[in-house]
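Contents: one structure, followed by commentary.
Hydrogens, waters and symmetry mates are skipped; everything else that's a heavy atom, side chains included, is used. A, B, ... follow the sequence lines: proteins, then strands. Residue 1 opens every chain.
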Amino acid sequence: MKFTSAYEPGEFEPDIYAAWEAADEFLPGGSVEASKGVYAEESPSTYSIVMPPPNANGNLHIGHGLTIATEDSLIRYHRLKGDFTWYIPGADHAGFETWVVYERVLEAQKHTRFEYSREELYAQVWDFVQEQRGNMELQVRALGASCSWKDLTFTLDENVVRRVYDTFQKMWNDGMIYRGEKLVNYCTKHQTAFADIEVEHEEEKGKLWDIAYPYDGGEIVVSTTRPETLFGDTAVAVNPEDKRYKDLIGKTVRLPLTDRNIPVIADEHADPEYGTGAVKITPAHDNDDFEVGERHNLPRIQVISFEGKMLPNCGPEYEGLTTKDCRKKVLKDLKEANLLRGERDIVHSVAHCYKCGTVIEPMLKEQWFIDVKKLAKTAIEHLEADEIKFYPSSKKQVLINYLKGLKDWNISRQIPWGIAIPMFKKVDGDEWIFDARTNLSEIEIGGERYIRDEDTFDTWFSSSHWPIVCTNWEEGAPNPYYPLNVMETGADILFAWVARMIMMGLYVTGEVPFREVYLHGLVLDAHGQKMSKSKGNVINPMELVSKYGSDAFRLGILRGRSAGMNQAFSEQSVVSGRNLCNKLWNISRFIQEMVDQSGGVKDPLEYTSDNMGEDWILREINEAKWQVESQMEHYRFSEAVETLHSLIWDKYADWFLESQKLYKNSSLLQNTLEAILKMLHPFAPFVTEAIWQNLSWTEGMLISAKWPSDFKYDPMSAEEFERLMDIVSHTRSTLQGLSEAYKGISSSDTNMLYGDDSIVDDNSLLIQYLCRVKAVISTEGEPRGLRLAIANSEIYLDVSEDAVAAYADLLEKRIMKIGRELDALNMRMMNPNYVDKAPAELVKETQDAIAEKQGLIERLKTERAAI
RNA sequence: GGAUCCUUAGCUCAGUUGGCUAGAGCGUACGAUUCACAUUCGUAAGGUCAGAGGUUCAAGCCCUCUAGGAUCCACCA
């Protein structure tokens, strides 16, 4: 006997995973060749998913847990269905994320990045990541991901870099890449630029100061939240419609604390309603001002350094101050100069570095940009042609709207950890050339020396190639795994990643990179709060896995989750998953015992005609299977889990197995259990495989078994069993009611009497067992006790008249309830429009229901009359 | 400011093209107990489907408005 009384996940999970992996079960069709497009059979159906690569040096968080549970259940389902499934794992160098971590490591060692060359740093981080990397991969395994490890792609792998360079070169040749001096979102702590999407805006309390800029015969008062940037002012703008300032347009005013004069210009940007209606223009340190500057050809004066300190051009008193200190000093000096006119509290949103929270400084910097017009336009066309189906569907339009307003994409990052930008600048001159030899910092072509750009690519630029590189897509070569069947990822990176994969997929391959997109929402804590370290409500998936098992975690996290929604998650749902695993384990243990009693070998499916429960469970399994198929098709994981939970627990165990305690049809038990194991396998791979391996008659591995085919059964017989279930439920309920109403009634002391009823007659033993009554006896024409209100039957509980009397109140309540239901139905039928316009089928159903309820009430009234 | 989504049992959520007598898990109450499982079994209570209108024979579902919440985008001198 290999079945212990409780399932212990830890005893089985590591060995089972190792066995799958050793048997190459994770490869498409189970062979290396198939992943390369070489098949034994003619064009098999394929199914591919790429894993959004977890950070190579990190630990998995709850979001990864959801990702893997979702993707792996799809993969396993399709594998059982016979598809050549390819689930390609990845590891992300996570450019900036990892860099932040590594900078802390350096800091701890009392070093800084500025002591090393770019190459040295790259090599150091590479080693650091390789050391850490195994951790993440072990955790992905612990979650049961049936991904093809032989195809693991690291985002800095050679083939990735090659593909990224190819694309970049193509874009360069197509004139889509340009170098521009623009304002970038700059973090002065990390000393790198960010894409707009990487910047977090937060509402903050701030102050709006009014500062007087004097001129001969007066002053103009400007409003600003950033007085320290006044050294970079190159104009004051007023709205052209603003009568207050009309006469000042074109005049010059004195810039306070300096000896510079700047012009007053007219620009729509100035909002007459806001502040004083006059605004200082600092093109080098403000996004809007930059645009105003472009419109009016204003000089751009950078006054803040990349370290976040004031530059010498601010004057010796201010040079070297941080922006914060400088603001204080400027305000103090303005006050002393009697130029500060006002100060008020405001709430405004301020951009912060999403990693360290430092205020983002818009800075002038030469960067590489991608002109996204064509990319976005093509993507929109394909989206509008419905080439990609979205779950939830609303996200498609959200994405289109985003693409319509997309600005040019800054792909330069000033961190060493990433793919080097393959651009070199002529030493003597301004010319830039493309060259893939980024291992060299300097190259020579035709006697000219070129120096490589120090920057690296934005990670999203390389990540946008993910479906292409993971499936080994090559121009002109057929590839059954591209486009992917589905891209499953978090709704929060719809813009950052999904949008860019679509643009890049179309640009490189001419095809959309995936046919469907399933987006999951955030996993919130049990109270619907976002998980965060500072709140201390972070749930570690690995802790849950070690406590309850991988399957329990997977079942728990998929429960109550639907596409695109941020939803709560609690340990409780994992407990419920664990219980289901244990239930299935014990079902199997019990079946194995029964099979052992009848020889322990595998029998072909047989079913006997005298047990309706067998027909019924075969029907229920068929129906559950069809439901799960449809639910998987529509990414309704939560419902699929519920369907299976209900099948296994409420139907298979509570009714079928209970009835089998009397009938023991060994071959049927075997065949139905196998079907159930297969159906639950996508969600709970370990326990189902563990059972499969423990059962005496099964062969091979469950992971690569075939999805069950339909069972044949007798539908009449299955329906009859439902009647039996009705009788049993009703009896139990009535007995419970009786025992609560009248002390001394217990089911085991009560006899069930029946009149002319073939179902009871044929199944008296089963009914006796399921109802736990003393005996089921024919009335022999002498009914007594309480008659049960069950359609088409004559069944009594043999209890005293006093007990029946005590039960009267409950009975009355039930009659009332059914009466109300009957009234509602009658109302419906009395409406001529309903009878006219509703489908005939429905009207018939209503009529039947009325007849049934009338009959029921009659019988209940008889019960009452008998009291 | 713009957009999207959400509001259903005590809690967390399902509810597909309108047909519902609104479901599940957990929790609660009552009862059971050698015989697969206490990670168990049985029974029950619990809902004006956020509010107000509208369309329809019929609305949790479709439309309009209102209130509350979440997220994203843009902007805020």
Side-chain angles (χ1 to χ4, degrees), chain A residues 3 5-7 196-197 201 206 208-209 222-226 237 269-271 274-282 286-289 346-350 392 394-395 397-398 401-402 405 491-492 494-495 521-522 524 526-528 530 548 552 559-562 564-570 572-573 575-576 578-594 630-631 634 636 638-639 641-642 645-646 653-654 657-658 661 729 732-733 735-737 739-740 746-748 771-772 817-818 820-821 824-825 828 831-839 841-842 845-846 849 853:
Chain A
F3 286 100
S5 72
Y7 173 59
D196 293 340
I197 207 157
H201 293 268
L208 188 66
W209 288 278
V222 303
S223 297
T224 182
T225 54
R226 300 206 59 193
H269 167 64
D271 175 2
Y274 194 90
T276 60
V279 54
K280 64 198 240 357
I281 301 298
T282 324
D286 182 278
N287 288 307
D288 289 327
D289 293 2
I346 54 156
V347 175
H348 60 154
S349 95
V350 179
S394 60
K395 295 290 179 187
Q397 200 51 48
V398 173
N401 291 342
Y402 170 76
D492 54 333
L494 176 64
F495 298 152
L522 290 178
L524 308 173
H527 307 289
K530 229 176 190 171
Y548 299 107
R559 262 298 169 83
R561 214 154 288 280
S562 44
M565 299 261 294
N566 297 345
Q567 285 161 316
F569 173 67
S570 73
Q572 199 54 250
S573 63
V575 171
S576 159
R578 186 269 317 260
N579 294 355
L580 179 61
C581 293
N582 189 61
K583 185 75 183 177
L584 186 62
W585 178 260
N586 273 288
I587 286 169
S588 309
R589 173 161 110 118
F590 179 56
I591 289 176
Q592 181 67 61
E593 276 174 22
M594 291 204 268
S630 151
Q631 284 153 348
H634 298 98
R636 295 171 170 272
S638 179
E639 285 171 54
V641 169
E642 264 178 42
H645 181 106
S646 154
D654 289 350
L657 278 194
E658 286 305 311
K661 285 178 180 172
S729 297
R732 284 168 174 172
S733 171
L735 275 167
Q736 179 81 10
S739 73
E740 277 166 29
S746 83
S747 62
S748 56
C771 296
R772 304 286 196 269
K817 183 168 177 269
I818 295 165
R820 281 195 301 273
E821 289 168 9
L825 291 173
R828 198 184 292 179
N831 180 351
N833 284 324
Y834 173 71
V835 184
D836 271 6
K837 295 185 182 173
E841 228 180 61
L842 199 70
E845 267 176 39
T846 310
K853 285 200 194 303

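Of all nucleotides listed (B:rA36, B:rG25, B:rA14), B:rA14 comes nearest to the side chain of A:Glu639. The side chain of A:Ala6 sits closest to B:rU39 out of B:rG42, B:rG15, B:rU39. For A:Gln567, counting side-chain heavy atoms from C-beta on, the closest listed nucleotide (B:rU71, B:rC13, B:rA36) is B:rC13. Listed nucleotides B:rC26, B:rG19, B:rA36 differ in distance to A:Lys661; the shortest reach to its side chain belongs to B:rA36.
Across all strands shown, B:rU4 forms a Watson-Crick or G-U wobble pair, both distances under 3.5 Å, with B:rA70. When both distances must be under 3.5 Å, the Watson-Crick or G-U wobble mate of B:rC49 does not exist. Searching all strands for a Watson-Crick or G-U wobble partner of B:rC62 with both distances below 3.5 Å returns B:rG54. Pairing for B:rU21 is absent, with no Watson-Crick or G-U wobble pair whose two atom distances lie under 3.5 Å. If you check B:rA14 for Watson-Crick or wobble pairing at under 3.5 angstrom, you find it has no partner at all. For B:rU40, the paired base is B:rA32 (Watson-Crick or G-U wobble, both distances below 3.5 Å).
The phosphate of B:rA58 has neither OP1 nor OP2 within less than 4.0 Å of any side-chain N or O from A:Arg828. The side chain of A:Ser733 contributes an N or O atom lying less than 4.0 Å from OP1 or OP2 of B:rA44. Residue A:Lys530 places no side-chain N or O under 4.0 Å from the OP1 or OP2 atom of B:rG69. Checking the phosphate oxygens (OP1, OP2) of B:rC26, no side-chain nitrogen or oxygen of A:Arg559 falls inside 4.0 Å. A:Ser562 has a side-chain polar atom (N or O) that falls below the 4.0 Å cut-off from OP1 or OP2 of B:rA14. Note on A:Arg636: a side-chain N or O is less than 4.0 Å away from OP1 or OP2 of B:rG15.
Among the heavy atoms of the strands lying under 4.0 Å from A:Lys583 is at least one base atom, whether or not backbone atoms are also near. When heavy atoms are screened at a 4.0 angstrom cut-off, A:Ala838 is found touching base atoms of the nucleic acid. Nucleic acid contact class of A:Ser638 (heavy atoms, under 4.0 Å, all strands): none. Contact annotation for A:Pro839: base contact, defined as any heavy-atom pair under 4.0 Å involving a base atom. Among the heavy atoms of the strands, none lies under 4.0 Å from A:Ala237. Contact annotation for A:Ile346: no contact, since no heavy-atom pair falls under 4.0 Å across all strands.
Not a single donor-acceptor pair under 3.5 Å links the side chain of A:Arg732 to the backbone N or O of A:Arg772.
Position along RNA chain B of the nearest nucleotide to A:Asn582 versus A:Ser729 favours A:Asn582 as the more 5'-ward residue. Each of A:Glu845 and A:Gly564 was matched to the nucleotide of RNA chain B holding its nearest heavy atom; the match closer to the 5' end belongs to A:Gly564.
The aromatic rings of A:Tyr7 and A:Trp585 are tilted relative to each other, their planes meeting at an angle between 30° and 60°.
The distance between atom CE of A:Met565 and atom P of B:rU12, rounded to the nearest whole Å, is 12 Å. In this structure, NZ of A:Lys853 is placed 6 Å from C1' of B:rU21, rounded to the nearest angstrom.
Taking the P atoms as reference points, B:rG25 lies 15 Å from B:rA45, given to the whole Å. B:rG23 and B:rU4 are spaced 33 Å apart, taking the P atom of each and rounding to whole Å. Distance check on atom P: B:rG47 versus B:rG10 gives 7 Å, rounded to whole Å. Nucleotides B:rA22 and B:rG68 place their C1' atoms 24 Å apart, quoted to the nearest Å. Comparing B:rU66 with B:rU48, their P atoms sit 26 Å apart, to the nearest whole Å. B:rA58 and B:rC11 have their C1' atoms separated by 33 Å, given to the nearest Å. Look at the C1' atom in both B:rG18 and B:rA9: the space between them is 24 Å, to the nearest Å. Atom C1' of B:rG15 sits at a distance of 8 Å from the matching atom of B:rG60, rounded to the whole Å.
Seen from the ring of A:Tyr548, A:Arg578 does not count as a face-on cation partner, given the 6.0 Å and 45° thresholds.
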Within the sub-3.5 Å range, which N or O atoms of nucleotides 62-65 of chain B have a protein N or O partner, and how far apart are they?
none

Under 3.5 Å, which N/O atoms of the protein pair with N/O atoms of nucleotides 73-75 of chain B?
from, atom 1, to, atom 2, distance (Å)
B:rC75, O3', A:Asp288, OD2, 3.0
B:rC75, N4, A:Ser349, OG, 3.2

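The distance from atom CG of A:Asn586 to atom CD1 of A:Ile591, rounded to the nearest 0.5 Å, is 11.0 Å. Taking NZ of A:Lys661 as the start and CG of A:Leu657 as the end, the distance is 7.5 Å to the nearest 0.5 Å.
In plain terms, the two heavy atoms of A:Ala653 and A:Lys583 that are nearest each other are CB-CE, 3.6 Å.
Donor-acceptor pairing under 3.5 Å, judged by distance alone, is absent between the side chain of A:Gln736 and the base of B:rA32. Side-chain atoms of A:Arg578 come within donor-acceptor range of the base of B:rU39, with a qualifying N/O pair under 3.5 Å.
A:His645 pairs by the ring-ring contact (aromatic ring centres under 6.0 Å, His included) definition with A:Trp649, not counting sequence neighbours.
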